[in-house]
Amino acid sequence: RAGPRGAAAARKINSFGPGRKGRNDMAKAPETPASEPAFDLRKLMGEFDPNKLMGQFQTMLTQYKLPSVDIDKLIAAQQKNIEAVAEANRVAVDGIQALAKRQVEVLQETMKEASEAVSSLSKAGSPGELAAKEAELGKSAFEKSVATMREMAEILVKSSQEATDKINARITATLNEIRSLRSSTK
């Protein structure tokens, strides 16, 4: 049995003091519906402004008077590079969102199938029939999970390839621009 000091100490430990919020009164994180992502990558990318970045780049370059350098061409090339990176990022974000959407769909399908499986197993008569249904369900679940993993990998590969293609196309264009600059100076 705790004495008066023990009870007071227990109250002090379990209380944050007058005017302070207790454990049950603490602020809670805002809940987001399951259909909405915790953060929106599309919004984040939408806030990226390549034109603003290029304006800052142009201001910086014009401060330095570089001989035999066409600042306008250099800025135009960098603008195209930034636009290509932004487009590649948009493609990647679309791929991530498609994957997340598919994962939610797979989870919903799995829950439905699990419910149906439990119902099916509860209707099994003999132990042999139960074992056969369990084996059939196990095989079906394994095949479906392999197919789903393959599908999700294909989504990622497609998205990655599209983003890479955007960057590679810009690299090729940049190399062609450099070649044309070199040949025009000769």
Closer than 3.5 angstrom, by distance alone: can the side chain of Ser119 be matched with the main-chain N or O of Ser115 as a donor-acceptor pair?
no

Minimum heavy-atom separation for Ser120 and Lys133, please, with both atom names.
O-NZ, 3.3 Å

With side chain to side chain contact (heavy atoms under 4.5 Å, CB included) as the test, pick out the partner of Val146 among Arg150, Met149, Glu143.
Arg150

Give every donor-acceptor pair under 3.5 Å between a side-chain atom in residues 155-165 and any protein atom, sequence neighbours left out.
from: Ser159; atom 1: OG; to: Val91; atom 2: O; distance (Å): 3.4
from: Ser160; atom 1: OG; to: Leu156; atom 2: O; distance (Å): 2.9
from: Gln161; atom 1: NE2; to: Asp165; atom 2: OD1; distance (Å): 2.8
from: Thr164; atom 1: OG1; to: Ser160; atom 2: O; distance (Å): 2.8

If hydrophobic clusters are built from ILVMFWY residues whose side chains come within less than 4.5 Å, do Val118 and Leu107 share one?
no

Between CD1 of Ile167 and OG1 of Thr174, what distance do you get to the nearest 0.5 Å?
9.5 Å

With the side chain counted from C-beta on, respond yes when Glu87 and Arg170 share a heavy-atom pair under 4.5 Å apart, and no when they do not.
no

Checking Thr148 now: which residues fulfil side-chain contact (heavy atoms from CB on, under 4.5 Å) with it, not counting sequence neighbours?
Val106, Lys144, Met152

CG of Leu137 to CD of Glu134, rounded to nearest 0.5 Å, is 8.0 Å

Separation between CD (Glu177) and OG1 (Thr172), nearest 0.5 Å, reads 11.0 Å

Ionic contact status for Arg102 with Glu105, cut-off 4.0 Å
yes

Rounded to the nearest 0.5 Å, how far does CG of Asn89 lie from CD1 of Ile82?
11.5 Å

Rounded to the nearest 0.5 Å, how far apart are CD of Glu154 and CG of Leu99?
12.0 Å

